[in-house]
Amino acid sequence: QVQLVESGGGLVQAGGSLRLSCAASGRSFSSYGMGWVRRAPGKEREFVAAISKSGSSTTYTDSVKGPFTISRDNARNTVYLQMNSLKPEDTAVYYCAAKFDRYSSGTTLYTRSLDYDYWGQGTQVTVSS
């Protein structure tokens, strides 16, 4: 089992940057595929980015390709989401999620919310215009 704690959210002006962190407790962090999912006010959850357990593969939803970068440090049990060129439409609660992935090759990515086994409590990101 793993527990996830996000940090790094806040209020930023359009065009600004934020770096979200997700610290994982528990064993075998490197056996988990990780992802970021967001929920904007009045909207459904939306996949944002995912990274494979090895960190060798990443994927993004089309609207954040380029400005956002997901990365992980398995030695620190942490996954990051660097968000640049933020827009008001990026305003949402951002959730970190983990998928136990012990047996895959290390490049598998999970892009559906229902794939994930564990979730953090979320961190609010607000982008002002």
Does the side chain of Val79 come within less than 4.5 Å of Ile51's, by heavy atoms? yes
With Arg39, which residues qualify under side-chain hydrogen bond (donor to acceptor under 3.5 Å, both in side chains), at least two apart? none
Looking only at heavy atoms, the pair that brings Asn77 and Asn74 closest together is OD1-O, 3.1 Å
Applied to residues 85-125, the ring pair (Phe, Tyr, Trp, His ring centres under 6.0 Å) test, sequence neighbours excluded, yields Tyr32-Phe100
Are side-chain heavy atoms of Ser63 and Glu46 found at a separation under 4.5 Å? yes
Would you indicate whether Glu89, at its atom CD, is surrounded by more than 12 heavy atoms from other residues, nucleotides or ligands within a distance under 6.0 Å? yes
Salt bridge between Lys87 and Asp90, side-chain N to carboxylate O under 4.0 Å? no
Output, in order, the C-alpha distance, side-chain angles, deciding distance and verdict of side chain to side chain contact (heavy atoms under 4.5 Å, CB included) for Met34 and Arg72. CA-CA 9 Å; Met34 301 296 295; Arg72 67 188 296 161; 3.5 Å; yes
Closest non-hydrogen atom pair between Val127 and Thr91, with its separation: N-OG1, 2.9 Å
Determine whether a donor-acceptor pair (N or O, by modelled atom type, separation under 3.5 Å) exists between the side chain of Glu6 and the backbone of Cys96. yes
Answer yes or no for Arg76 and Phe29: cation-pi contact, defined as NZ/CZ to six-membered ring centre under 6.0 Å and angle to ring axis within 45°. no
Quick one, Val125 and Leu20 - any side-chain contact, counting heavy atoms below 4.5 Å? yes
Quick check against the 3.5 Å criterion: does Thr61 have a side-chain atom that pairs as donor or acceptor with the backbone of Val48? no
Scan side-chain atoms only and decide if Thr78 and Asp73 contain a donor-acceptor pair under the 3.5 Å cut-off. no
When hydrophobic residues are tied together by side-chain contacts of less than 4.5 Å, even through go-betweens, does Trp36 share a cluster with Val2? yes
With a 4.5 Å limit on heavy-atom distance, are the side chains of Leu81 and Phe68 in contact? yes
Less than 4.5 Å apart, side chain to side chain, heavy atoms only: is that true for Met83 and Arg19? no
Ser56: what forms a side chain to side chain contact (heavy atoms under 4.5 Å, CB included) with it, not counting sequence neighbours? Ser52, Ser54, Thr107
If I compare all heavy atoms of Val37 with all of Ser113, which pair ends up nearest, and what's the gap? CG1-OG, 3.7 Å
Is any side-chain heavy atom of Arg38 closer than 4.5 Å to one of Val64? yes
So which heavy atom on Leu18 is nearest to which on Leu86, and how close? N-CD1, 3.8 Å
Can you check whether Arg102's main-chain N or O pairs, donor with acceptor, with Lys53's side chain at less than 3.5 Å? yes
